[in-house]
K.L.:
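Mind having a look at this structure? Questions to follow.
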Amino acid sequence: MNKAKVALIQLLGSQANKNANLERAQVLIKQALLQQPDTKLVVLPECFNSPYDVLKFQEYSEVITPRNESVTTKFLSGIAQRYRITLIGGTIPEYDPQDGKLYNTCIVYDERGQLIGKHRKMHLFDINIPNGIEFQESKTLSFGNAITTVENSSSDCKILNKFGIGICYDMRFPELAMINSRRGAKLMVYPSAFNTVTGPLHWDILAKSRAIDNQIYIILCSPARDKSNPKNYQAYGHSIVVDPNGKVVSEAGEDEEIVFAELDVDLIEVVRQSIPITRQRRFDVYPDVSDLHGQK
Ligand SMILES: O=C(O)CCC(=O)C(=O)O
(Lines give C-alpha, C1' and ligand atoms only; values in the text may rest on other atoms or scores of the structure.)
Protein backbone atom coordinates (compact mmCIF):
# COMPACT_ATOMS: atom_id res chain seq x y z
CA MET A 1 0.00 0.00 0.00
CA ASN A 2 1.22 3.46 -0.84
CA LYS A 3 -0.74 5.23 1.89
CA ALA A 4 -0.62 4.73 5.65
CA LYS A 5 -2.92 6.12 8.33
CA VAL A 6 -1.17 7.22 11.51
CA ALA A 7 -2.38 8.26 14.96
CA LEU A 8 -0.33 10.36 17.37
CA ILE A 9 -1.45 9.91 20.97
CA GLN A 10 -0.96 13.23 22.73
CA LEU A 11 -1.75 11.83 26.14
CA LEU A 12 -1.55 13.34 29.56
CA GLY A 13 0.86 10.64 30.68
CA SER A 14 4.04 11.46 32.56
CA GLN A 15 2.16 11.22 35.89
CA ALA A 16 3.47 9.60 39.07
CA ASN A 17 1.47 6.37 38.71
CA LYS A 18 3.05 4.22 36.02
CA ASN A 19 0.11 1.83 35.72
CA ALA A 20 -2.31 4.72 35.36
CA ASN A 21 -0.13 6.12 32.55
CA LEU A 22 -0.22 2.77 30.77
CA GLU A 23 -3.98 2.45 31.23
CA ARG A 24 -4.55 5.93 29.86
CA ALA A 25 -2.35 5.15 26.86
CA GLN A 26 -4.39 2.01 26.22
CA VAL A 27 -7.71 3.89 26.42
CA LEU A 28 -6.53 6.46 23.88
CA ILE A 29 -5.01 3.89 21.53
CA LYS A 30 -8.31 1.95 21.58
CA GLN A 31 -10.18 5.18 20.93
CA ALA A 32 -7.90 6.00 17.98
CA LEU A 33 -8.50 2.59 16.45
CA LEU A 34 -12.25 2.83 16.96
CA GLN A 35 -12.29 6.22 15.24
CA GLN A 36 -9.95 5.18 12.43
CA PRO A 37 -9.85 1.36 12.26
CA ASP A 38 -7.43 1.32 9.32
CA THR A 39 -4.71 3.08 11.34
CA LYS A 40 -1.38 1.32 10.72
CA LEU A 41 1.03 3.33 12.87
CA VAL A 42 0.49 4.60 16.42
CA VAL A 43 2.99 6.91 18.13
CA LEU A 44 3.29 7.73 21.84
CA PRO A 45 5.19 10.70 23.32
CA GLU A 46 8.50 10.96 25.19
CA CYS A 47 8.42 9.76 28.83
CA PHE A 48 4.82 8.62 28.50
CA ASN A 49 4.98 6.24 31.45
CA SER A 50 6.98 8.29 33.96
CA PRO A 51 7.36 11.89 35.14
CA TYR A 52 9.78 13.89 33.00
CA ASP A 53 12.16 14.46 35.88
CA VAL A 54 15.85 13.55 35.96
CA LEU A 55 15.58 12.55 39.61
CA LYS A 56 12.78 10.08 38.89
CA PHE A 57 14.22 8.17 35.93
CA GLN A 58 15.98 5.54 38.05
CA GLU A 59 12.80 4.71 39.98
CA TYR A 60 10.72 4.27 36.81
CA SER A 61 13.39 2.57 34.73
CA GLU A 62 12.99 -0.87 33.15
CA VAL A 63 15.34 -3.37 31.57
CA ILE A 64 14.54 -3.84 27.89
CA THR A 65 14.99 -7.34 26.49
CA PRO A 66 13.81 -8.92 23.21
CA ARG A 67 11.45 -11.13 25.26
CA ASN A 68 9.63 -8.07 26.66
CA GLU A 69 9.61 -9.14 30.29
CA SER A 70 9.23 -5.71 31.90
CA VAL A 71 5.89 -4.03 32.60
CA THR A 72 5.96 -1.46 29.82
CA THR A 73 7.64 -3.58 27.17
CA LYS A 74 5.07 -6.37 27.77
CA PHE A 75 2.29 -3.78 27.57
CA LEU A 76 3.55 -2.26 24.29
CA SER A 77 4.22 -5.59 22.64
CA GLY A 78 0.73 -6.82 23.60
CA ILE A 79 -1.00 -3.74 22.19
CA ALA A 80 0.91 -3.90 18.90
CA GLN A 81 0.05 -7.58 18.47
CA ARG A 82 -3.61 -7.26 19.54
CA TYR A 83 -4.35 -4.38 17.20
CA ARG A 84 -1.91 -5.39 14.44
CA ILE A 85 -0.24 -1.99 14.33
CA THR A 86 3.29 -0.71 14.17
CA LEU A 87 3.74 0.94 17.56
CA ILE A 88 6.36 3.55 18.38
CA GLY A 89 6.32 3.36 22.14
CA GLY A 90 7.25 6.94 22.99
CA THR A 91 10.16 6.77 25.39
CA ILE A 92 10.76 5.12 28.74
CA PRO A 93 13.68 5.35 31.14
CA GLU A 94 15.84 2.30 30.42
CA TYR A 95 18.27 0.65 32.82
CA ASP A 96 21.03 -1.35 31.17
CA PRO A 97 22.38 -3.95 33.61
CA GLN A 98 25.47 -4.48 31.38
CA ASP A 99 26.86 -1.00 31.94
CA GLY A 100 24.79 0.12 34.93
CA LYS A 101 23.61 3.24 33.04
CA LEU A 102 20.23 4.87 32.44
CA TYR A 103 19.01 5.90 29.00
CA ASN A 104 15.97 7.71 27.56
CA THR A 105 14.86 5.04 25.11
CA CYS A 106 12.29 4.58 22.37
CA ILE A 107 11.18 1.04 21.55
CA VAL A 108 9.33 0.04 18.41
CA TYR A 109 7.05 -2.97 17.86
CA ASP A 110 5.79 -4.51 14.66
CA GLU A 111 2.32 -5.88 13.95
CA ARG A 112 3.28 -9.23 15.48
CA GLY A 113 4.36 -7.57 18.71
CA GLN A 114 8.06 -8.16 17.99
CA LEU A 115 10.60 -5.61 19.18
CA ILE A 116 12.07 -4.27 15.92
CA GLY A 117 13.84 -1.11 17.01
CA LYS A 118 15.41 0.58 20.00
CA HIS A 119 16.78 4.12 19.98
CA ARG A 120 18.59 5.67 22.92
CA LYS A 121 18.44 9.47 22.94
CA MET A 122 21.75 10.54 21.44
CA HIS A 123 21.69 14.24 22.25
CA LEU A 124 20.71 14.86 25.83
CA PHE A 125 18.65 17.91 26.70
CA ASP A 126 21.16 20.02 28.61
CA ILE A 127 20.26 23.68 28.23
CA ASN A 128 20.09 26.84 30.28
CA ILE A 129 18.09 29.77 28.94
CA PRO A 130 18.25 32.66 31.43
CA ASN A 131 14.72 33.45 32.70
CA GLY A 132 13.49 30.63 30.48
CA ILE A 133 14.28 27.02 31.22
CA GLU A 134 17.14 25.03 32.70
CA PHE A 135 17.29 21.28 32.19
CA GLN A 136 20.19 18.85 32.55
CA GLU A 137 19.22 15.36 31.41
CA SER A 138 22.83 14.24 31.61
CA LYS A 139 22.70 14.54 35.42
CA THR A 140 21.23 11.05 35.48
CA LEU A 141 21.04 9.83 31.87
CA SER A 142 23.74 8.58 29.53
CA PHE A 143 24.06 9.30 25.81
CA GLY A 144 22.92 6.77 23.23
CA ASN A 145 25.60 6.06 20.65
CA ALA A 146 23.73 4.73 17.63
CA ILE A 147 21.67 6.08 14.77
CA THR A 148 18.46 4.06 14.50
CA THR A 149 16.87 3.07 11.23
CA VAL A 150 14.01 0.63 11.76
CA GLU A 151 13.34 -2.09 9.17
CA ASN A 152 9.74 -3.29 9.42
CA SER A 153 8.88 -6.10 7.06
CA SER A 154 5.55 -6.91 8.78
CA SER A 155 3.73 -3.83 7.46
CA ASP A 156 2.07 -3.79 4.05
CA CYS A 157 2.50 0.02 3.97
CA LYS A 158 5.65 0.93 2.03
CA ILE A 159 6.37 4.05 4.09
CA LEU A 160 6.41 1.95 7.27
CA ASN A 161 8.91 -0.57 5.94
CA LYS A 162 11.84 1.68 6.83
CA PHE A 163 11.84 4.74 9.09
CA GLY A 164 14.19 6.61 11.39
CA ILE A 165 13.80 7.38 15.08
CA GLY A 166 15.08 10.35 17.06
CA ILE A 167 14.02 11.64 20.47
CA CYS A 168 13.08 15.27 21.07
CA TYR A 169 16.36 17.25 21.35
CA ASP A 170 17.77 14.87 18.69
CA MET A 171 15.66 16.75 16.13
CA ARG A 172 17.93 19.80 16.50
CA PHE A 173 20.77 17.81 14.94
CA PRO A 174 19.97 17.56 11.23
CA GLU A 175 22.49 14.79 10.62
CA LEU A 176 20.20 12.17 12.15
CA ALA A 177 17.33 12.78 9.74
CA MET A 178 19.76 13.20 6.85
CA ILE A 179 21.58 9.94 7.50
CA ASN A 180 18.29 8.09 7.92
CA SER A 181 16.87 9.49 4.71
CA ARG A 182 20.06 8.63 2.76
CA ARG A 183 19.62 5.10 4.11
CA GLY A 184 16.21 5.09 2.42
CA ALA A 185 13.88 6.08 5.28
CA LYS A 186 10.93 8.15 4.06
CA LEU A 187 9.76 9.04 7.54
CA MET A 188 11.39 10.28 10.77
CA VAL A 189 9.51 9.94 14.03
CA TYR A 190 10.51 11.88 17.14
CA PRO A 191 8.69 11.09 20.40
CA SER A 192 9.19 14.42 22.15
CA ALA A 193 8.34 16.67 25.09
CA PHE A 194 9.29 20.25 24.23
CA ASN A 195 8.45 22.92 26.79
CA THR A 196 6.57 26.22 26.78
CA VAL A 197 9.74 28.28 26.15
CA THR A 198 11.41 26.52 23.22
CA GLY A 199 8.18 25.00 21.88
CA PRO A 200 6.71 28.27 20.57
CA LEU A 201 10.19 29.28 19.32
CA HIS A 202 11.28 26.22 17.38
CA TRP A 203 8.95 23.17 17.42
CA ASP A 204 7.16 23.46 14.09
CA ILE A 205 10.14 25.13 12.39
CA LEU A 206 12.35 22.18 13.27
CA ALA A 207 9.74 19.71 11.99
CA LYS A 208 9.39 21.64 8.73
CA SER A 209 13.16 22.03 8.35
CA ARG A 210 13.88 18.32 8.74
CA ALA A 211 11.06 17.58 6.27
CA ILE A 212 12.26 20.10 3.65
CA ASP A 213 15.97 19.21 4.05
CA ASN A 214 15.27 15.59 3.25
CA GLN A 215 11.90 15.62 1.45
CA ILE A 216 10.45 13.10 3.86
CA TYR A 217 7.57 12.97 6.37
CA ILE A 218 8.25 14.13 9.93
CA ILE A 219 6.21 13.15 12.99
CA LEU A 220 6.64 14.79 16.41
CA CYS A 221 4.50 13.37 19.22
CA SER A 222 4.26 15.29 22.52
CA PRO A 223 2.49 14.71 25.84
CA ALA A 224 -0.46 17.00 26.60
CA ARG A 225 0.06 20.12 28.75
CA ASP A 226 -0.48 19.29 32.44
CA LYS A 227 -2.51 22.38 33.31
CA SER A 228 -3.94 21.06 36.58
CA ASN A 229 -0.45 20.46 38.03
CA PRO A 230 1.49 23.65 37.23
CA LYS A 231 4.52 22.43 39.23
CA ASN A 232 4.98 19.46 36.89
CA TYR A 233 6.96 19.69 33.66
CA GLN A 234 4.74 21.50 31.17
CA ALA A 235 5.00 19.94 27.72
CA TYR A 236 4.33 22.10 24.69
CA GLY A 237 1.79 19.74 23.10
CA HIS A 238 1.17 20.48 19.40
CA SER A 239 1.94 16.96 18.16
CA ILE A 240 2.42 17.40 14.46
CA VAL A 241 2.75 15.64 11.11
CA VAL A 242 4.62 17.49 8.35
CA ASP A 243 4.76 16.31 4.73
CA PRO A 244 7.84 16.21 2.42
CA ASN A 245 6.96 19.68 1.16
CA GLY A 246 7.18 21.08 4.69
CA LYS A 247 3.39 21.45 4.88
CA VAL A 248 1.58 20.72 8.14
CA VAL A 249 -0.79 17.80 7.52
CA SER A 250 -2.23 17.76 11.02
CA GLU A 251 -1.46 19.38 14.40
CA ALA A 252 -2.83 19.13 17.95
CA GLY A 253 -3.50 21.88 20.44
CA GLU A 254 -2.20 21.72 24.03
CA ASP A 255 -4.65 19.29 25.63
CA GLU A 256 -5.07 15.55 25.43
CA GLU A 257 -5.91 14.73 21.83
CA ILE A 258 -5.37 12.20 19.06
CA VAL A 259 -3.87 13.51 15.84
CA PHE A 260 -4.69 11.55 12.69
CA ALA A 261 -2.95 11.86 9.36
CA GLU A 262 -2.42 9.96 6.16
CA LEU A 263 1.11 9.52 4.79
CA ASP A 264 1.47 9.04 1.05
CA VAL A 265 4.75 7.53 -0.09
CA ASP A 266 4.12 8.72 -3.68
CA LEU A 267 4.21 12.36 -2.59
CA ILE A 268 7.89 11.96 -1.72
CA GLU A 269 8.76 11.09 -5.31
CA VAL A 270 6.60 13.93 -6.65
CA VAL A 271 8.36 16.44 -4.39
CA ARG A 272 11.81 15.02 -5.23
CA GLN A 273 11.09 15.22 -8.97
CA SER A 274 9.81 18.79 -8.72
CA ILE A 275 12.62 20.17 -6.55
CA PRO A 276 15.45 17.72 -7.31
CA ILE A 277 17.85 18.54 -4.46
CA THR A 278 18.47 14.83 -3.86
CA ARG A 279 20.23 14.74 -7.28
CA GLN A 280 21.88 18.15 -7.05
CA ARG A 281 24.15 17.72 -4.04
CA ARG A 282 27.79 18.71 -4.57
CA PHE A 283 29.69 15.85 -2.99
CA ASP A 284 32.56 16.81 -5.31
CA VAL A 285 32.89 19.99 -3.21
CA TYR A 286 31.77 18.94 0.29
CA PRO A 287 31.67 15.48 1.83
CA ASP A 288 28.52 13.41 2.23
CA VAL A 289 28.44 13.11 6.02
CA SER A 290 26.01 10.23 5.79
CA ASP A 291 28.78 8.29 4.06
CA LEU A 292 31.34 8.86 6.82
CA HIS A 293 32.16 6.32 9.52
CA GLY A 294 30.35 3.51 7.70
CA GLN A 295 26.98 5.02 8.60
CA LYS A 296 25.25 4.09 5.36
O1 LIG B 1 15.16 21.17 22.23
C2 LIG B 1 14.33 21.66 22.99
O3 LIG B 1 14.09 22.86 23.01
C4 LIG B 1 13.56 20.80 23.93
C5 LIG B 1 14.12 19.42 24.03
C6 LIG B 1 13.47 18.60 25.04
O7 LIG B 1 12.55 18.99 25.71
C8 LIG B 1 13.94 17.24 25.23
O9 LIG B 1 14.90 16.82 24.59
O10 LIG B 1 13.33 16.53 26.03
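The first residue in the sequence is number 1, and the count goes up from there. This structure is a prediction, so every number in the text was calculated from the model and none was measured. The analysis underlying the following values was restricted to heavy atoms, covering all of them including side chains, and did not include hydrogens, waters or symmetry mates. Start at 1 and go down the list; that is how both ligands and their atoms are numbered.
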K.L.:
For Lys3, does its backbone N or O pair with a side-chain atom of Asp264 as donor and acceptor, under 3.5 Å?
P.N.:
no
K.L.:
So which of Leu220, Leu187, Ile219 actually passes side chain to side chain contact (heavy atoms under 4.5 Å, CB included) with Val241?
P.N.:
Ile219
K.L.:
Taking only Lys NZ, Arg NE, NH1 and NH2, and the carboxylate oxygens of Asp or Glu, determine whether Arg281 and Asp288 approach each other closer than 4.0 Å.
P.N.:
no
K.L.:
How far apart are the C-alpha atoms of Glu23 and Asn17, what are their side-chain angles, what is the distance that settles it, and do they pass the side-chain hydrogen bond (donor to acceptor under 3.5 Å, both in side chains) test?
P.N.:
CA-CA 10 Å; Glu23 268 165 39; Asn17 184 330; over 6 Å; no
K.L.:
Collect the protein residues that have a non-hydrogen atom under 4.0 Å from ligand 1 and hand them over in chain and number order.
P.N.:
Glu46, Tyr52, Lys121, Phe125, Cys168, Tyr169, Arg172, Ala193, Phe194, Asn195, Thr198, Tyr233
K.L.:
Would you tabulate the side-chain donor-acceptor contacts of residues 75-88 under 3.5 Å, counting partners in other chains and residues two or more places apart, or write 'none'?
P.N.:
from, atom 1, to, atom 2, distance (Å)
Ser77, OG, Gly113, O, 2.8
Thr86, OG1, Asn152, ND2, 3.0

K.L.:
Centroid-to-centroid, Tyr236 to Phe194, below 6.0 Å?
P.N.:
no
